[in-house]
Number of protein chains: 2
Amino acid sequence: MNSNIIFDKIFKLPENSRKTLEENITLVHYPKGHILLKAGKIESNIYFIKKGIVRAYVNQNDSDVTFWFGKEGETILSMRSYVENQKGYEDIELLEECDLYELKTVNLQRLFEEDIHIANWGRKFAESELIKTEERLISRQFKTASERYKELITNNPDLIKRVQLGHIASYLGITQVSLSRIRAEIK
Amino acid sequence: MNSNIIFDKIFKLPENSRKTLEENITLVHYPKGHILLKAGKIESNIYFIKKGIVRAYVNQNDSDVTFWFGKEGETILSMRSYVENQKGYEDIELLEECDLYELKTVNLQRLFEEDIHIANWGRKFAESELIKTEERLISRQFKTASERYKELITNNPDLIKRVQLGHIASYLGITQVSLSRIRAEIK
DNA sequence: ATTAAAATTTAACAAATGATAAAAAATGAA
DNA sequence: TTCATTTTTTATCATTTGTTAAATTTTAAT
């Protein structure tokens, strides 16, 4: 997935603004298992996924709670670092080898001040993440774990193939044992 | 709460841009119980709460699922209408008499294209809503209903006084009966 | 103040999910 | 392939939350 496709996915940028953005990214490569962003750190980069799949999780007691998966075309960031320039609450782990476009937050912030199209691109990005997050929250509120699992395999069939079930269970807000039970009932 | 305080809460706007925004708002007043935004409609306004408290809910089968409360200083909008110009999924009900600043979405969209400060203000608004929503989703994922209730009364003590418990239970993702049980255990 | 309606609590039982442990299956390295 | 490790499933029992119904309390109108 090329950078221009990724940028245009969020919001159609004029040619000039897109070039400006592209001048500020570098392609990086990391192996499976790499921890890209770390909880408790103010992160200074955001990433666009060219290839691969990642998860965001919060470490609670001994166990991880996965709350987000990102794959090709999606954007990786530490929400607190990006929005408030504070320490993040999440780790980002690469679940496959990944090709990523890296962009320094400080440069992006500067572009937001200088280029109205990039500012609106950033606005559209936040808005589209917001609506996805709100819909997940609502789905969480009135659907059973079983319904949420069925919804996931319908909307995101490749996730099941690429991500181990323990992470999926966590993402659905249930234990792995519960998810196994649900899967057994469906068959 | 004055409009300038509300606007500056999100993002410090230059004087000129703030005036431009203020020229586009009108103060409106509705009684308790009024349904301000309706599910299934493309809403053409957003509102800033000067005084009062409201809830957003989705109607599922016979029952309402409340997923958001808004009070003084917060912004009311139909997420789908605002972000995608499509039919909204939520109703907004006024839980008290309200004074609201009304702003036409079409005007705001125009200002986003014309004024970089307003574009960044809109970006900051979406970002701050996004981080709040993500934190709620995560809290939902690894806290028990009891912990979430305690969190709510700590962070938002006046909510309990202003909003009936049935709505709070729904917001926490549990039944009213469960919430009563939790409240009884705490005492 | 009285009364009707609405909201909240309590109780009893059902259903869903969690916790722990063990078995089975899948994966990956030598 | 073989073997050790990791992941997934299955089983059992405990805990939490849901459902229904009734009792109690609060609210609001007359």
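To find a chain, count down the sequence lines: A is the first, B the second, and so on, and within it residues start at 1. Remember, it's a predicted structure, so these values are computed and weren't measured experimentally. Heavy-atom basis, side chains included; hydrogens, waters and symmetry copies ignored.
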Check: Expressed in angstrom and rounded to an integer, what is the separation of B/Glu96 atom CD from D/dA28 atom P?
Finding: 12 Å
Name each donor-acceptor pair under 3.5 Å that joins a side chain in residues 159-167 of chain B to protein atoms two or more places apart or in another chain, with its distance.
residue: B/Arg162; atom: NE; partner: B/Glu96; partner atom: OE2; Å: 2.8
residue: B/Arg162; atom: NH1; partner: B/Glu72; partner atom: OE1; Å: 3.2
residue: B/Arg162; atom: NH1; partner: B/Asp158; partner atom: OD2; Å: 3.4
residue: B/Arg162; atom: NH2; partner: B/Glu72; partner atom: OE2; Å: 3.1
residue: B/Arg162; atom: NH2; partner: B/Glu96; partner atom: OE1; Å: 2.8

Notebook entry, point to check: What is the distance, rounded to the nearest whole Å, between atom CD of B/Glu147 and atom C1' of D/dT15?
Noted result: 14 Å
Checklist line | Summary of salt bridge (charged side-chain N to carboxylate O under 4.0 Å, His left out) pairs that have at least one residue in residues 20-38 of chain A, sequence neighbours excluded | finding: A/Arg18-A/Glu22
Checklist line | Phosphate OP1/OP2 of D/dT8 contacted by A/Arg183 side-chain N/O (<4.0 Å) | finding: no
Notebook entry, point to check: Salt-bridged, A/Glu74 to A/Lys132, with N to O below 4.0 Å?
Noted result: yes
Check: What is the distance, rounded to the nearest whole Å, between atom CD1 of A/Ile186 and atom P of D/dT10?
Finding: 13 Å
Checklist line | Between C/dA11 (C1') and B/Gln176 (CD): distance, integer Å | finding: 15 Å
Check: How long is the line joining CD of A/Gln141 and C1' of D/dT17, in whole Å?
Finding: 15 Å
Notebook entry, point to check: Which parts of nucleotides 14-27 of chain C does protein reach within less than 4.0 Å, heavy atoms only, written one letter per nucleotide 5' to 3' as B for base, S for sugar-phosphate only and - for none?
Noted result: ---BBBB-------
Margin query: Which residues in residues 154-168 of chain A have a heavy atom closer than 4.0 Å to any atom of DNA chain D?
Written below: A/Gln164, A/Leu165, A/Gly166
List, one per line, each side-chain donor-acceptor pair under 3.5 Å for residues 47-55 of chain A, sequence neighbours excluded.
residue: A/Tyr47; atom: OH; partner: A/Glu102; partner atom: OE2; Å: 2.9
residue: A/Lys50; atom: NZ; partner: A/Tyr101; partner atom: OH; Å: 3.3
residue: A/Arg55; atom: NE; partner: A/Glu93; partner atom: OE1; Å: 2.7
residue: A/Arg55; atom: NH1; partner: A/Thr66; partner atom: OG1; Å: 2.7
residue: A/Arg55; atom: NH2; partner: A/Asp64; partner atom: OD2; Å: 3.0
residue: A/Arg55; atom: NH2; partner: A/Glu93; partner atom: OE1; Å: 2.9

Notebook entry, point to check: Just checking, any donor-acceptor pair under 3.5 angstrom between side chains of B/Thr105 and B/Glu43?
Noted result: no
Check: Listed by chain and number, what are the salt bridge (Lys or Arg N to Asp or Glu O under 4.0 Å) partners of B/Glu134, not counting sequence neighbours?
Finding: none
Margin query: Closer than 4.0 angstrom, basic N to acidic O: yes or no for A/Arg181 and A/Glu185?
Written below: no
Check: Going by atom types only, do B/Tyr171 and B/Arg136 share a side-chain donor-acceptor pair under 3.5 Å?
Finding: yes
